[in-house]
Amino acid sequence: MQFATLSAGEVPGVPGLDDLRALKPLQQPEWPDSATLDQVIGELRKLPPLVFAGECDDLTTKIGAVARGEAFILQGGDCAETFDGVTAENIRAKLRVLLQMAVVLQYAASVPVVKVGRIAGQYAKPRSSGEETRNGVTLPSYRGDAVNGLEFTPEARNPDPNRLRGVYNAAAATLNLTRAFTTGGYADLHQVHAWNTDFVKSSPVGQKYERLASEIERALAFMRACGATADEFKTVDFYASHEALILEYEHALTRIDSRTQQPYDVSGHLLWVGERTRQLDGAHVEFLASLSNPLGVKIGPTTTPEYIRTLIDKLNPKGIEGRLTFITRMGAGKIRDGLPPLLEAVRDHGSPIAWVCDPMHGNTFETPNGYKTRNFEDVMDEVQGFFDAHEQVGTWPGGMHIELTGDDVTECLGGGEELVAEDLVNRYETACDPRLNRHQSLELAFLVAERLRGARA
């Protein structure tokens, strides 16, 4: 693509906003006030980075190990973050369940786990329809707190570019607290029991986790007796990711790294393009191709081997390990047939790709009482199908991408608590799609740990 003359603040080597807009990007807000939008973009261009390019490079290196079959990615968090959700308790709860899942995977399967949150940027959502109708009233669809409000009123649903400033502030606060938790003692492996104290007595999966935590504690006690007190047990590396959907926001947070003189989108460590916006000649792929961040692409059941080979050449022409991750979202009934041809195409292409399973988005349906939900059995079946496909082709099942929360919500059916449709009304709190609660997330982690042991063998 030939870039036009860059406007003030735009980054060399990256398509300008006018270039991207000329490609007619999909799933973008219809901002009503261009003057305010331009003002907000100008302010964002001057703000400090939310993440650092060196951290992005570290994550690329870790994902490179995943692509080689030497590590596993755990990526999880809210379907859609909200500004009201930026509280210490909410952030701690999400981090806690991810740390618990990671320790299950790492200890039970003896594989390093790369920990990535859907966090500090997941404030925008693509929608299947631009409008929503209730009781004969039609308003713009809720597109995430980055764009408009959840309340069904004309004022709330009107896209407001000032919200992009709110995204930056919320992401900065979230990252600040997350870094404090992961380096200040909360993520210390000696805390494995403390992460579990509030629900172990009433939860079968919590009791299963408690037994594993006791094994870890004995192992740590043995190491201390031997004089080994590794600092690696006291902190964890934790990375932020989100869908790079709203191009004005992502473009405004793109910077040239002073070390390498290469462009990075410093709104998050890992950025992905969704199933609805991954057109080869589209604005989102064009933008991501110009960045040096590690990238992800959501891959659905209509993806062809021809498309996926061309996409690799577009996003990772140099064959850099850890640069590109494919996140499959096919549905439990389609993954066993749809995934193997893609695995074979990528294997034969020779590019080092990490494969991650998103078992959530292909298994959504609506209950008779009007709730959008997912069945935990379908989620587990898609994960099993993901491992089955990799086993069939002889490739490495590199990770899972989960919409989850650290709270005891009732949004997905099934699991050890045997939630049914009538239970959804109790704590259905998501701003968009249903999430696994803490119990269901841990159940899934134990299942994946069992399959990982087999994959390593």
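Val114 has its side chain out of reach of Phe72: every pair of non-hydrogen atoms, C-beta onward, lies at least 4.5 Å apart. Side-chain contact between Asp160 and Asn148: absent, with no pair of heavy atoms (C-beta onward) separated by less than 4.5 Å. Two residues are said to be in side-chain contact when any heavy atoms from C-beta on lie closer than 4.5 Å; Val383 and Phe387 meet this criterion. Within the 4.5 Å cutoff, side-chain heavy atoms of Leu295 are placed close to those of Arg323. Side-chain contact between Val356 and Phe326 is absent, with no heavy-atom pair separated by less than 4.5 Å. The shortest distance between side-chain heavy atoms of Leu424 and Leu413 falls below 4.5 Å. Within the 4.5 Å cutoff, no side-chain heavy atoms of Val297 are placed close to those of Ile327. Arg451 has its side chain out of reach of Pro397: every pair of non-hydrogen atoms, C-beta onward, lies at least 4.5 Å apart.
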Applying side chain to side chain contact (heavy atoms under 4.5 Å, CB included), run through Tyr371 and Tyr428 and close with a yes or a no. CA-CA 9 Å; Tyr371 286 90; Tyr428 196 94; 3.5 Å; yes
Thr138 and Thr133: CA distance, side-chain angles, deciding distance, side-chain hydrogen bond (donor to acceptor under 3.5 Å, both in side chains) verdict: CA-CA 4 Å; Thr138 299; Thr133 300; 2.7 Å; yes
Might you work through the side chain to side chain contact (heavy atoms under 4.5 Å, CB included) test for Met400 and Leu105, ending with a clear yes or no? CA-CA 11 Å; Met400 62 177 175; Leu105 293 167; 4.2 Å; yes
Would you please test Glu81 and His242 for side-chain hydrogen bond (donor to acceptor under 3.5 Å, both in side chains) and show each step? CA-CA 10 Å; Glu81 294 178 283; His242 63 269; over 6 Å; no
I would like to know whether Asn90 and Asp407 meet side chain to side chain contact (heavy atoms under 4.5 Å, CB included); could you show each step before the answer? CA-CA 8 Å; Asn90 282 344; Asp407 300 322; 3.9 Å; yes
Could you walk me through whether Phe238 and Phe181 pass the side chain to side chain contact (heavy atoms under 4.5 Å, CB included) check? CA-CA 10 Å; Phe238 189 82; Phe181 277 134; over 6 Å; no
Are Arg45 and Glu43 close enough, and set up right, to give a salt bridge (Lys or Arg N to Asp or Glu O under 4.0 Å), and what steps lead you there? CA-CA 5 Å; Arg45 291 196 191 284; Glu43 292 176 11; over 6 Å; no
Could you go through the side-chain hydrogen bond (donor to acceptor under 3.5 Å, both in side chains) check for Arg347 and Thr395 one step at a time? CA-CA 8 Å; Arg347 179 197 63 194; Thr395 48; over 6 Å; no
Show your reasoning for whether side-chain hydrogen bond (donor to acceptor under 3.5 Å, both in side chains) applies to Asp265 and His251. CA-CA 7 Å; Asp265 182 345; His251 197 275; over 6 Å; no
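Side chain to side chain, Asp58 and His269 fail the donor-acceptor criterion of an N or O pair below 3.5 Å. In this model, no donor atom of one side chain and acceptor atom of the other lie less than 3.5 Å apart for Ser129 and Ser141. Using modelled atom types, one finds no donor on one side chain facing an acceptor on the other under 3.5 Å when comparing Gln27 with Arg127. Side chains of Arg21 and Gln28: a donor-acceptor N/O pair is absent below 3.5 angstrom, by distance only. Using a 3.5 Å distance cut-off with no hydrogens or angles, the side chains of His284 and Glu250 do not pair a donor with an acceptor. Side-chain N/O atoms of Asn363 and Glu382 include a donor and acceptor closer than 3.5 Å. Under 3.5 Å, the side chains of Asp257 and Thr260 contain a donor-acceptor pair of N or O atoms.
Asp33 places a side-chain N or O within 3.5 Å of a backbone atom of Thr36 that can act as its donor or acceptor partner. Under the 3.5 Å distance criterion, the side-chain polar atoms of Gln262 are left unmatched by any main-chain donor or acceptor of Leu291.
Contact detail for Val116 and Ser241: the closest heavy-atom pair is CG1-OG, 3.5 Å. For Pro305 against Leu342, the heavy-atom pair with the smallest separation is N-CD2, 3.7 Å. Here the closest non-hydrogen pair linking Thr277 and Leu26 is CG2-O, 3.9 Å. Here the shortest heavy-atom pairing between Thr60 and Pro294 reads OG1-CD, 3.4 Å. Taking each heavy atom of Ala354 and Ala67 in turn, the nearest pair found is N-CB, 4.1 Å. Scanning all heavy atoms of the two residues, the minimum distance from Ala146 to Leu164 falls at O-CD2, 3.6 Å.
Under a 4.0 Å N-O distance rule, the pair Arg157/Glu151 does not qualify as a salt bridge. The residues Lys94 and Asp78 are annotated as salt-bridged, a charged nitrogen and a carboxylate oxygen being separated by less than 4.0 angstrom. Electrostatic pairing of Asp433 and Lys372 counts as a salt bridge here, judged by a charged N lying under 4.0 Å from a carboxylate O. Taking a cutoff of 4.0 Å between a charged side-chain nitrogen and a carboxylate oxygen, Arg329 and Glu275 do not qualify as a salt bridge. Salt bridge status for Arg179 with Glu55: present, with a side-chain N to carboxylate O gap under 4.0 Å. With respect to Glu411 and Arg435, a salt bridge is recorded, a charged nitrogen being found less than 4.0 Å from a carboxylate O. Between Glu321 and Lys62, none of the side-chain N atoms (NZ, or NE/NH1/NH2) sits under 4.0 Å from a carboxylate O, so this pair counts as no salt bridge. The existence of a salt bridge linking Lys298 and Asp358 is confirmed by a sub-4.0 Å separation between a basic side-chain nitrogen and an acidic carboxylate oxygen.
Tyr264 OH to Ser292 OG: the interatomic distance, rounded to the nearest 0.5 Å, is 4.5 Å. Taking SG from Cys412 and CG from Asn375, the interatomic distance works out to 8.5 Å, rounded to the nearest 0.5 Å. To the nearest 0.5 Å, atom OG1 of residue Thr254 and atom CD of residue Glu10 are 10.0 Å apart. Between Ile335 atom CD1 and Cys357 atom SG the span is 4.5 Å, to the nearest 0.5 Å. For the atom pair Asp145 CG and Lys125 NZ, the distance stands at 12.5 Å (nearest 0.5 Å). For the atom pair CG (Asn158) and CD (Glu30), the distance works out to 10.5 Å, reported to the nearest 0.5 Å.
You'll find the ring centres of Tyr249 and Tyr123 outside the 6.0 Å limit. A ring-centre distance under 6.0 Å is found for His401 and Trp272.
For Arg278 and Tyr307, the positive end sits near the middle of the six-membered ring, less than 6.0 Å away and at most 45° from its axis.
Checking Ile402, Ile119, Leu270, Leu98 one by one against Gln75, the side-chain contact (heavy atoms from CB on, under 4.5 Å) holds for a single residue, Leu270.
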